[in-house]
Asker: 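Got a structure here, written out as structure tokens. Questions coming.
This structure is a prediction, so every number in the text was calculated from the model and none was measured. Below, each value reflects all heavy atoms present in this structure, side chains not excepted, and no hydrogens, waters or symmetry copies. Counting starts at 1 for both ligands and their atoms, in listed order.
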Amino acid sequence: MRVPVFFHPAQLAFAPELEWFGGEAIAHPETALRAESIVEALREDGSFALRAPERVPDAAIRALHAPALLALYDTAAALPAGEACYPAVFARDAVTAPDPSRLANAGAFAFDTATPLARETRDAVRWSAACAHEAALAVRSGAPLAYALSRPPGHHAGRASFGGYCYVNNAALAVRALKRGRRVAVLDIDVHHGNGTQALFWRDPRVLVVSVHEHPDTCFPFFAGHPSEIGGGAGRGANLNVTEGAGCDGRRYAELLDRHALPALRAFRPDVLVLSAGLDTYRLDPVGRFALDTGDLADVGERIGGLGVPVVAVQEGGYHTPDLGINAIALLDGIRRGLTRAGLAAE
Ligand code: Q9C
Ligand code: ZN
């Protein structure tokens, strides 16, 4: 089976230059080149079917995100070319509602200074979301595996919040496209906790969210991702955070999957899995501090495919550009092998 892959060139038009972090400006790790290098590797490989997605319906995004957050992205679309807005004022105790027609109020929606707004942001994130939406539709129509080359990433974005290089929650959009009549589980293997996804399904007992990541005591996003966070209300018990310290290698990671993440997923008996496929657990990643190698990522994929559940893989982080292509292929081939072994004809 050739794995359907969704990507739109308009995702490349947004290219933030700088990230402000800890009072310093660094070259922004979330570059357009990330996606380009994955596209190129998948093309060369030949076992992937690359397609541009259809436009994602506005209603699908509005079901997920607050009107004011989307209005803020509209406001940014009117910025002059080459200008970027970095939120710097976070008026947490404001008594008036933030005004999304004023970029000076962006801090009411942002939770960091790493995630700028520019005129190209809105369209790029819409196409990034469209990839996830379309990949979900492909799996809904029977594909055992589909891959959304979403960029910018999404798992840090909440209902009315953006941050961690994320603006629209692509994986959550895929969940919503699949949810009717199906049990959907999310597995987030980005090295950072998927705080946006966790928040969006916090009270939802019908969507299990599992995230494996570096512990928030030492890693972005710092304020969420602790093992004590298990969901709220009716959703209590439908959220699982599995954490490890910096330096976690492939062997230890496999243990975390086998002992914690995979048993929880199996017990939930999902009809479909949305995989937040961050590649920043890689040993050379300049942002993450885990130590998986390319073979480990293939092994992680095989374990995930071994669940025997169709997979919508949505790209999240991963910043060591030279190896993103081989790592994406390792993960996807691993999933394919696992699915085949579990009896889903995916190879
Ligand atoms: N110098 C994702 O992987 N900055 N987001 C951390 C790096 C924020 C990562 C400091 C990291 C966000 C989707
Ligand atoms: Zn990440």
Side-chain angles (χ1 to χ4, degrees), residues 11 14 16-35 38 86-88 110-117 121 124-125 128-129 131-132 148-158 161-174 186-200 209-225 241-244 246 248 253 274-292 297 300 313-321 323-324 327-328 331:
Q11 291 169 244
F14 175 54
E17 265 171 46
L18 297 175
E19 165 181 359
W20 284 99
F21 190 76
E24 274 181 77
I26 58 166
H28 207 293
E30 205 290 286
T31 62
L33 196 59
R34 296 176 62 241
I38 296 178
Y86 287 82
F111 61 83
D112 65 25
T113 55
T115 315
L117 299 171
T121 309
V125 305
S128 181
C131 294
L149 214 182
S150 293
R151 176 274 156 190
H155 73 151
H156 296 303
S161 61
F162 69 105
Y165 319 153
C166 300
Y167 303 85
V168 163
N169 197 311
N170 307 310
L173 198 71
V186 177
L187 174 60
D188 188 326
I189 57 168
D190 189 281
V191 78
H192 304 100
H193 174 238
N195 59 297
T197 312
Q198 167 173 292
L200 282 162
V209 177
V210 178
S211 180
V212 183
H213 49 266
E214 185 181 339
H215 197 284
D217 280 358
T218 51
C219 186
F220 185 90
F222 303 111
F223 58 83
N241 288 321
V242 181
T243 65
E244 188 47 275
C248 175
Y253 198 92
V274 173
L275 179 69
S276 265
L279 297 169
D280 44 11
T281 52
Y282 186 48
R283 64 188 177 88
L284 297 176
D285 195 275
V287 176
R289 286 184 299 246
F290 278 9
L292 276 64
L297 288 165
V300 167
V314 180
Q315 185 60 48
E316 300 283 1
Y319 306 98
H320 184 71
T321 310
D323 295 344
L324 281 180
N327 286 344
L331 179 71

Asker: Starting from the Zn ion (ligand 2), look over the N/O/S atoms of His192 and name the nearest one.
Answerer: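 The atom in question is ND1.
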Asker: Between His192 and Asp280, does any side-chain donor sit less than 3.5 Å from a side-chain acceptor?
Answerer: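 Asp280 and His192 do have a side-chain donor-acceptor pair below 3.5 Å.
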Asker: Taking side-chain contact (heavy atoms from CB on, under 4.5 Å) as the criterion, tell me which of Leu297, Leu279, Val191 meets it with Leu292.
Answerer: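 Looking at Leu297, Leu279, Val191, the match for Leu292 under the side-chain contact (heavy atoms from CB on, under 4.5 Å) is Leu297.
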Asker: Classify the side-chain pair His156/Asn195 by whether it contains a donor and acceptor separated by less than 3.5 Å.
Answerer: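 Side-chain D/A pair, His156 to Asn195: present.
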Asker: When you measure from the Zn ion (ligand 2) to the N, O or S atoms of His155, does any of those distances fall below 2.8 Å?
Answerer: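 So His155 does not count as coordinating the Zn ion (ligand 2).
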Asker: Within the side chain of Ser150, is there an N or O that forms a donor-acceptor pair under 3.5 Å with the backbone of Val314?
Answerer: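 Side chain of Ser150 to backbone of Val314, a donor-acceptor pair under 3.5 Å: no, none is there.
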Asker: Looking only at N, O or S atoms in Asp190, which is nearest to the Zn ion (ligand 2)?
Answerer: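 Going through the N, O and S atoms of Asp190 one by one, OD1 ends up nearest to the Zn ion (ligand 2).
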Asker: Rounded to the nearest 0.5 Å, how far does CG of Leu331 lie from CG of Leu275?
Answerer: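 Interatomic distance, Leu275 CG to Leu331 CG, rounded to 0.5 Å: 6.0 Å.
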Asker: For Tyr165, enumerate each residue passing the ring pair (Phe, Tyr, Trp, His ring centres under 6.0 Å) test, keeping only those at least two apart in sequence or located in another chain.
Answerer: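 By the ring pair (Phe, Tyr, Trp, His ring centres under 6.0 Å) rule, Tyr165 matches His28, Tyr319.
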Asker: Given the side-chain rings of Phe21 and Phe220, with only the six-membered ring counted for Trp, is the space between their centroids under 6.0 Å?
Answerer: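 Here the rings of Phe220 and Phe21 have centres that are no less than 6.0 Å from each other.
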Asker: Among the N, O or S atoms of Asp280, which one sits nearest to the Zn ion (ligand 2)?
Answerer: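 Nearest N/O/S atom: OD2.
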Asker: Could you list, one pair per line, each nitrogen or oxygen of ligand 1 together with any protein nitrogen or oxygen closer than 3.5 Å, giving atom names and the distance rounded to 0.1 Å?
Answerer:
residue	atom	partner	partner atom	Å
ligand 1	3 (O)	His192	ND1	3.2
ligand 1	3 (O)	Asp280	OD2	3.1
ligand 1	3 (O)	Tyr319	OH	2.6
ligand 1	4 (N)	Glu19	OE2	2.8
ligand 1	4 (N)	Tyr165	OH	3.4
ligand 1	5 (N)	His156	NE2	3.4
ligand 1	5 (N)	Gly164	O	3.0
ligand 1	5 (N)	Tyr319	OH	3.4

Asker: Using a 3.5 Å distance criterion without hydrogens, assess whether the side chain of Gln11 forms a donor-acceptor pair with backbone atoms of Leu149.
Answerer: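 Present.
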